[in-house]
Amino acid sequence: MKQDGRNRTKACAAGALALLALATGCGGNGDGAAAPAPTSTAPAGGQPPGGAAPTAAASTPAASQAAGDAAWAKWNLKPLAPAPAPPADKPIKLERTGTVPVFSEVKTSDKVVFVTIDDGAEKDPKFVEMLTDLKVPITMFLTKDIVKNDYGYFKPLQALGNHIQNHTVTHPVMSKLSPEKQKSEICDDQAALTQQYGTAPLLFRPPFGDGANTPTLNTSVQECGPRAIVLWRESMQIHDMQYQSGDKKLKPGDIILAHFRGPKELKGATMTQMFGELLARIQEQGFSVARLDDYVQPPA
């Protein structure tokens, strides 16, 4: 009788272990993956059999939302509304040859603006961290002589999907240069940025916006590769933007200019503080930030 009792005890223990392995996934396929979950017989919206808690997958959207909110809170900001899906029919269509267009906004009914950041003087690691956290799209217009001491700084920003565009070699006033010198400024920057970042810039921005609408500069841009000249409607200072419109309000499709600047140029403020102020001004007016390249169709 004692032997029979021990046998029954062992059998019960083995059964309990088997059930435990099935419930925890320990009896999986040997590679550490959980075993397939048994088919639930619970009604829709109800709990699984046995009153088990819902699976982790069911709470993923909420967890993702919470993580996103926490990322914005980390920088003392309110989350921006997500940008709408990029339009299938791009508002700006670039041609392979001929005169390049000049634009400072994108025609769209989407309540979005586009953030562009110029030069590249300030190389604050905290800004890379900020963009990695917030996933706000930007377009970078880089100047060779300003960024050549640390090309690598901009590669993590590029890896986030942000494109790098042409902003000359030395940041000159373009209208004061000969056609040959204009071409050198644009072509040499084009070559350097293409070599460093693996993609030829599609867009060009003249320093200070100078000469943007002159035939001489347009010809120089054509000869060096970019297929559009990009200006702006607002420029970010330290705490607010300078507006070209009299009502001092953002409009759908506006392009905003900012700069890679630090405390020396921002009166003690950091790059991340300036960028946070910019995002706050955008959020206050109910806009999202979209990626400029998503609204531009490259040449066929």
Side-chain angles (χ1 to χ4, degrees), residues 72 77-94 100-120 127 130-131 134-142 157 160-167 201-213 221 226-261 266 271-298:
W72 286 86
L77 295 168
K78 295 179 181 179
L80 289 174
D89 184 19
K90 309 301 183 187
I92 295 176
K93 298 175 175 63
L94 303 183
V100 303
V102 181
F103 62 90
S104 56
E105 68 274 326
V106 176
K107 291 183 178 180
T108 179
S109 59
D110 295 341
K111 199 170 184 182
V112 298
V113 294
F114 307 97
V115 174
T116 63
I117 310 182
D118 283 12
D119 303 346
F127 182 67
M130 186 182 204
L131 265 287
L134 303 184
K135 307 295 190 295
V136 175
I138 62 172
T139 300
M140 296 173 279
F141 288 86
L142 301 184
L157 296 173
L160 295 172
N162 302 308
H163 289 209
I164 291 171
Q165 309 294 357
N166 192 317
H167 197 44
L202 185 64
L203 309 175
F204 171 74
R205 172 173 284 161
F208 320 105
D210 180 72
N213 293 295
V221 173
R227 292 307 306 158
I229 296 173
V230 181
L231 300 178
W232 59 90
R233 295 294 301 169
E234 292 83 23
S235 59
M236 183 61 189
Q237 304 305 302
I238 300 174
H239 302 291
D240 204 350
M241 289 174 276
Q242 288 183 347
Y243 296 82
Q244 294 180 18
S245 63
D247 60 4
K248 296 186 178 182
K249 292 181 179 179
L250 294 170
K251 307 292 189 302
D254 277 2
I255 295 172
I256 300 171
L257 165 67
H259 293 85
F260 285 95
R261 290 175 175 168
L266 299 175
M271 177 80 183
T272 57
Q273 288 172 333
M274 177 277 291
F275 197 74
E277 294 280 5
L278 172 58
L279 296 180
R281 302 295 84 77
I282 294 170
Q283 192 272 343
E284 288 166 359
Q285 297 188 48
F287 281 81
S288 301
V289 177
R291 193 177 303 283
L292 180 59
D293 306 81
D294 289 342
Y295 287 70
V296 176
Q297 180 176 300

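Listed by chain and number, the residues in a ring pair (Phe, Tyr, Trp, His ring centres under 6.0 Å) with Phe275 are Phe127 (sequence neighbours excluded). Residues that satisfy the salt bridge (charged side-chain N to carboxylate O under 4.0 Å, His left out) test with Lys251, not counting sequence neighbours, are Asp247. Residues satisfying the side chain to side chain contact (heavy atoms under 4.5 Å, CB included) test with Asp110, not counting sequence neighbours, are Pro84, Thr108, Val112, Tyr295. By the salt bridge (charged side-chain N to carboxylate O under 4.0 Å, His left out) test, Lys78 pairs with no residue at all, sequence neighbours left out. Every residue meeting the side chain to side chain contact (heavy atoms under 4.5 Å, CB included) condition with Arg261, not counting sequence neighbours, appears here in chain and number order: His259, Glu265, Leu266. In this structure, the side-chain hydrogen bond (donor to acceptor under 3.5 Å, both in side chains) partners of Arg233, at least two apart in sequence or on a different chain, are Gln244. In this structure, Thr139 has no side-chain hydrogen bond (donor to acceptor under 3.5 Å, both in side chains) partners at least two apart in sequence or on a different chain. Residues meeting the side chain to side chain contact (heavy atoms under 4.5 Å, CB included) test with Pro207, sequence neighbours left out: His167, Thr168, His171, Pro172, Met174. Listed by chain and number, the residues in a salt bridge (charged side-chain N to carboxylate O under 4.0 Å, His left out) with Asp118 are Arg205 (sequence neighbours excluded). Residues that satisfy the side chain to side chain contact (heavy atoms under 4.5 Å, CB included) test with Asp240, not counting sequence neighbours, are Tyr243, Arg281. Shown here are the side-chain hydrogen bond (donor to acceptor under 3.5 Å, both in side chains) partners of Lys135, two or more places apart in sequence or in another chain: there are none.
For the atom pair His239 NE2 and Gln237 CD, the distance stands at 11.0 Å (nearest 0.5 Å). Going from atom CZ of Arg291 over to atom CG of Leu160 covers 8.0 Å, rounded to the nearest 0.5 Å. To the nearest 0.5 Å, the span separating CH2 on Trp232 from CE on Met241 amounts to 15.0 Å. Taking CD1 from Ile164 and CD1 from Ile138, the interatomic distance works out to 9.0 Å, rounded to the nearest 0.5 Å. How far CD of Glu284 is from CG of Leu279: 11.0 Å, rounded to the nearest 0.5 Å.
Side chain of Gln285 to main chain of Leu250: a donor-acceptor pair is present (N/O by atom type, distance under 3.5 Å, no hydrogens or angles). For the pair Lys90 (side chain) and Asp294 (backbone), a donor-acceptor distance under 3.5 Å is present.
Between Met130 and Leu77, the closest side-chain pair of non-hydrogen atoms falls below 4.5 Å. Put simply, the side chain of Gln165 does not reach to within 4.5 Å of the side chain of Val230, judged on heavy atoms. The side-chain heavy atoms of Lys107 and Ile92, taken from C-beta on, include no pair separated by under 4.5 Å. Here the side chains of Leu142 and Phe260 are in contact, with some heavy-atom distance below 4.5 Å. Side-chain contact between Pro206 and Ile229 is present, with at least one heavy-atom pair separated by less than 4.5 Å. Taking 4.5 Å as the limit, some side-chain heavy atom of Pro137 sits within range of a side-chain heavy atom of Asn162.
Taking each heavy atom of Ile256 and Ile282 in turn, the nearest pair found is CD1-CD1, 3.9 Å. Summarising the geometry of Phe103 relative to Ala228, their closest heavy-atom pair is CE2-CB, 3.7 Å, with the distance given to 0.1 Å.
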Evaluate Leu231 against Ile255 for side chain to side chain contact (heavy atoms under 4.5 Å, CB included), listing each step before the verdict. CA-CA 7 Å; Leu231 300 178; Ile255 295 172; over 6 Å; no

His163 vs Leu202, side chain to side chain contact (heavy atoms under 4.5 Å, CB included): CA-CA, chis, key distance, verdict: CA-CA 9 Å; His163 289 209; Leu202 185 64; over 6 Å; no

Decide yes or no on side chain to side chain contact (heavy atoms under 4.5 Å, CB included) for Asp254 and Phe114, but give the supporting numbers first. CA-CA 6 Å; Asp254 277 2; Phe114 307 97; over 6 Å; no

Might you work through the side chain to side chain contact (heavy atoms under 4.5 Å, CB included) test for Ile117 and Met271, ending with a clear yes or no? CA-CA 11 Å; Ile117 310 182; Met271 177 80 183; 4.1 Å; yes

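Among the candidates Val289, Val115, Val136, Ile238, the single residue satisfying the side chain to side chain contact (heavy atoms under 4.5 Å, CB included) test with Leu278 is Val115.
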